[in-house]
Structures are given as structure tokens and as C-alpha cells.
S.K.: 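Questions regarding the structure given below will be posed in turn.
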Amino acid sequence: MTAIPADSKPSADSAETAGAGGPAGPSGPVLHSAVIDWFDGHARDLPWRRPDAGPWAVMVSEFMLQQTPVNRVLPVYEQWLARWPSPADLAAEPPGEAVRAWGRLGYPRRALRLHGAAVAIRERHGGRVPSDHAELLALPGVGEYTAAAVASFAYGQRHAVLDTNVRRVFARAVSGREFPPDATTAAERKVARALLPDDEPTAARWAAATMELGALVCTARTPHCVRCPITAQCAWRAAGSPAHDGPPRRGQTYAGTDRQVRGKLLAVLREAVAPVPQAALDRVWDEPVQRARALDGLVADGLVEPLDGGLYRLPLS
DNA sequence: TAGACGTGGTG
DNA sequence: TCACCAAGTCT
């Protein structure tokens with residue numbers, strides 16, 4: 001079976017779409033149908049995908065899902081939207097409340113940025129999550145992926161949505177490699193654009209479907225090719241599923257790092273209802289230089305507010 | 001552009 | 001057990 005060509009034309013090219021199994025390989029629409037039909041039968045019932053989930057709910061989910069598994073997001077997401085059903089509701093509270101409600105999701109700067117995005121939405125967009133990609137991109141915490149995801153999932157627009165799942169699916173199916181490059185490349189964007197269905201609703205469906213395929217089937221550790229709807233067209237399979245070559249992929253160290261210390265410090269402040277004395281923070285880490293550096297970093301990031309008398313709390317502004 | 005930035009589940 | 005991994009963004 002012919003693998004998906006890296007230079008696939010958009011499906012508008014009727015000459016190519018007409019002949020299934022033509023010389024250029026599988027046509028776009030065939031590929032789209034295979035993945036989207038699979039999605040129709042296997043998509044998880046996630047709250048941010050339900051009809052009652054508006055743009056704000058989608059945006060909240062996208063922030064929380066950055067580098068964070070679905071299962072850990074679910075309970076925090078539910079509480080968050082119950083407490084702050086609109087951007088204005090969140091914007092009306094201090095940023096520290098967002099950090100507190102973030103709980104142990106990790107990367108708490110996301111909470112600060114989501115709060116900042118809510119403020120910006122109130123100030124610049126009349127309290128409505130913007131639908132324009134450039135306006136989304138201008139919000140704090142919204143990068144290339146999140147802007148495309150919100151525009152696509154919340155507003156049904158046509159955007160190349162390149163998250164780690166989609167990048168892995170394309171790396172395998174199109175490029176014949178086990179893993180994508182460390183950082184998103186122009187070549188990956190080109191592939192994603194080329195494979196994007198022409199009409200908006202189908203493109204939005206395709207974006208969600210390819211993400212789900214990567215999350216459930218074309219997984220990083222042990223891909224379930226037997227259950228894959230496009231296994232017959234996968235370049236990586238066709239090549240015999242070669243192992244990743246080249247330099248080892250960047251690992252994440254954590255134990256003993258500033259990140260760990262920051263996490264411990266912030267955990268104390270999240271649980272506290274009143275300003276916390278320095279001494280209480282000193283207990284979480286015994287190495288004073290690293291501890292001070294971590295605390296300074298949290299203050300510099302706006303995650304912690306220092307008060308007079310050696311007291312600290314989550315930020316009121 | 002490489003590295004910082006949390007946390008916890010898992011093979 | 002312990003690296004690896006999870007819907008990235010920012011500098």
C-alpha cells in the first residue's frame with residue numbers, strides 16, 4: 001500500500017481526488033474519511049467537546065491540557081467552570097485565586113496566564129473569547145497551538161492544529177519516522193496544511209480526529225497499529241516501523257531542581273488562607289541558596305506576592 | 001533556539 | 001525501579 005505522500009495536495013485538487021488509488025497515492029478525502037469515521041466511533045466523551053461547551057470552556061480546557069493528561073484535568077476543569085463560567089467571572093477575582101484553584105495541575109504560570117487572558121478578553125473583547133486567530137494569539141498563554149485549537153474547536157474554523165499527538169501521527173504516517181522533531185518545523189506545518197480538508201467543518205473535525213488518533217492509537221510508547229484506521233497508508237509501518245534514530249530526545253529532569261522547590265513552596269501558599277511567614281516556607285527545602293532562588297523566581301513570575309514582615313501570599317494583583 | 005517551567009501515572 | 005511521557009508557551 002502506498003504511503004501518504006509528504007507533498008499531498010489539498011483535497012480541492014479534483015483530479016487527484018477522483019481516482020482512488022491513483023498514481024499519487026491515497027486521496028485526501030479517503031484519508032479524511034478514514035480518520036473522521038474512526039473518530040465518530042471512538043472519540044472520548046469529554047466535557048469540552050459537548051454541545052454545551054462554549055468558547056470559554058474550550059479555552060479553559062486547552063490551557064489545562066497543555067502538557068497535562070486528560071484524566072488529571074477533568075476534575076479541576078469542572079470546578080473551574082462551575083466557579084468561573086465566563087471570562088469576566090475569572091477576571092473579577094485576584095490572580096492568586098486562579099493559582100489556588102489550579103491545584104496540582106502543574107506549570108502554575110498557566111493559571112496566571114489564563115487569568116491574564118480573561119482580563120484581556122474583558123478589556124479588549126467585551127468579555128467574549130475572540131474568534132480571530134491573531135487576536136487569540138495575542139492573549140497571554142496562547143501560542144500557535146492553542147490559538148488554532150480554540151479557533152477550530154470552539155468556532156469551527158479551518159486551521160492546522162499541530163499538537164504533540166498530531167505531530168506524531170504525521171511523523172509516522174507521512175514521514176515514516178517514529179517521532180517528530182523536538183520543535184515544530186516549517187516542514188511539519190506544510191504537511192499539516194496540505195492535509196487539511198477544504199471546508200471548515202470537516203477541517204475542524206479532522207483536527208480533533210487526528211489529535212484523538214494520536215492520543216488513543218498512535219501513542220508514543222506502544223502504538224496500537226492493529227486498531228489504526230490508516231495503518232495501510234502509514235509510511236512508518238510500510239518501512240517496517242524503524243526505531244527512532246539520531247540524538248536521544250530531550251529528557252526532563254525534576255528531582256532536586258528549582259522546579260521541584262518552586263512546586264513545594266507554592267503548595268504551601270496554595271493551602272494557606274492567610275499570609276505565610278518565611279519560616280513556614282523554609283521548612284520545605286533545606287538548601288537555603290536554592291530555596292531563596294526558587295522563591296525569588298516565583299515572585300518575579302508574579303506567582304507569589306511578598307509582604308512586609310517576611311510574609312508571603314498568592315498574588316492579589 | 002535551547003532551556004525553564006510541575007506533577008503524577010506508567011511500562 | 002525509574003526514565004519516559006502528557007492537547008505548550010515564553011524568553
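Only heavy atoms go into these numbers, but all of them, side chains included; no hydrogens, no water, no symmetry mates. All figures in this text were calculated on a predicted structure; none of them were measured in a lab.
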S.K.: Select one nucleotide: of C:dA7, B:dG8, C:dA6, the one nearest the side-chain heavy atoms of A:Arg44.
M.R.: C:dA7
S.K.: Measure the distance from CZ on A:Arg259 to P on B:dG8 and round it to the nearest whole Å.
M.R.: 14 Å
S.K.: Counting side-chain heavy atoms from CB outward, which of B:dG6, C:dG8, C:dA6 is closest to A:Arg168?
M.R.: C:dA6
S.K.: Roughly how many Å apart are C:dC4 and B:dG3, using the P atom of each and rounding to a whole number?
M.R.: 16 Å
S.K.: Look at the side chain of A:Pro69 and decide which nucleotide, out of B:dG6, C:dA6, C:dT9, has an atom nearest to it.
M.R.: C:dA6
S.K.: Nearest to the side chain of A:Glu212, which nucleotide is it out of C:dA7, C:dC10, C:dG8?
M.R.: C:dA7
S.K.: Go through C:dC10, C:dA6, B:dG6 for me and flag the one nearest to the A:Ala220 side chain.
M.R.: C:dA6
S.K.: Assess whether one donor atom and one acceptor atom, taken from the side chain of A:Gln67 and the base of C:dG8, lie less than 3.5 Å apart.
M.R.: yes
S.K.: For the P atoms, the ones on C:dC10 and on B:dG8, what distance do you get once it is rounded to whole angstrom?
M.R.: 24 Å
S.K.: Using only side-chain N and O atoms of A:Thr146, determine if any of them is under 4.0 Å from OP1 or OP2 of C:dT9.
M.R.: yes
S.K.: How long is the line joining CG of A:Leu298 and P of B:dA4, in whole Å?
M.R.: 16 Å
S.K.: Under the 3.5 Å rule, do the base of C:dG8 and the side chain of A:Thr68 count as making a donor-acceptor pair?
M.R.: no
S.K.: Taking the six-membered ring for Trp and the single ring otherwise, decide whether the centroids of A:Trp56 and A:Trp84 are under 6.0 Å apart.
M.R.: no
S.K.: Below 4.0 angstrom from OP1 or OP2 of C:dT9, is there any side-chain N or O of A:Tyr145?
M.R.: no
S.K.: Answer yes if A:Leu298 and A:Leu105 sit in the same cluster of Ile, Leu, Val, Met, Phe, Trp and Tyr residues linked by side chain heavy atoms under 4.5 Å apart, and no otherwise.
M.R.: no
S.K.: Quick check for you: among C:dA7, B:dC5, C:dT9, whose closest atom lies nearest to any side-chain atom of A:Arg109?
M.R.: B:dC5
S.K.: If each of A:Ala183 and A:Thr222 is mapped to the nucleotide of DNA chain B with the nearest heavy atom, which maps nearer the 5' terminus, i.e. the 5' end?
M.R.: A:Ala183
S.K.: Considering only NZ, NE, NH1 and NH2 on the basic side and carboxylate oxygens on the acidic side, decide whether A:Arg168 and A:Glu178 come within less than 4.0 Å.
M.R.: no
S.K.: Is there a path of hydrophobic side-chain contacts, each under 4.5 Å between heavy atoms, that joins A:Trp206 and A:Val174?
M.R.: yes
S.K.: Regarding A:Glu305 and A:Arg313, does a basic nitrogen lie under 4.0 Å from an acidic carboxylate oxygen?
M.R.: yes
S.K.: From the set B:dC5, C:dA7, C:dT9, return the single nucleotide nearest to any side-chain atom of A:Trp48.
M.R.: C:dA7
S.K.: Return whichever of A:Val142 or A:Val70 has its heavy-atom-nearest nucleotide of DNA chain C closer to the 5' end.
M.R.: A:Val70
S.K.: Is a donor-acceptor contact shorter than 3.5 angstrom present between the side chain of A:Arg221 and the base of C:dC4?
M.R.: yes
S.K.: If you take atom types as modelled and just measure distance, does the side chain of A:Arg110 reach the base of C:dT9 with a donor-acceptor pair under 3.5 Å?
M.R.: no
S.K.: Is A:Arg262 near enough to B:dG6 that one of its side-chain N or O atoms lies under 4.0 angstrom from OP1 or OP2?
M.R.: yes
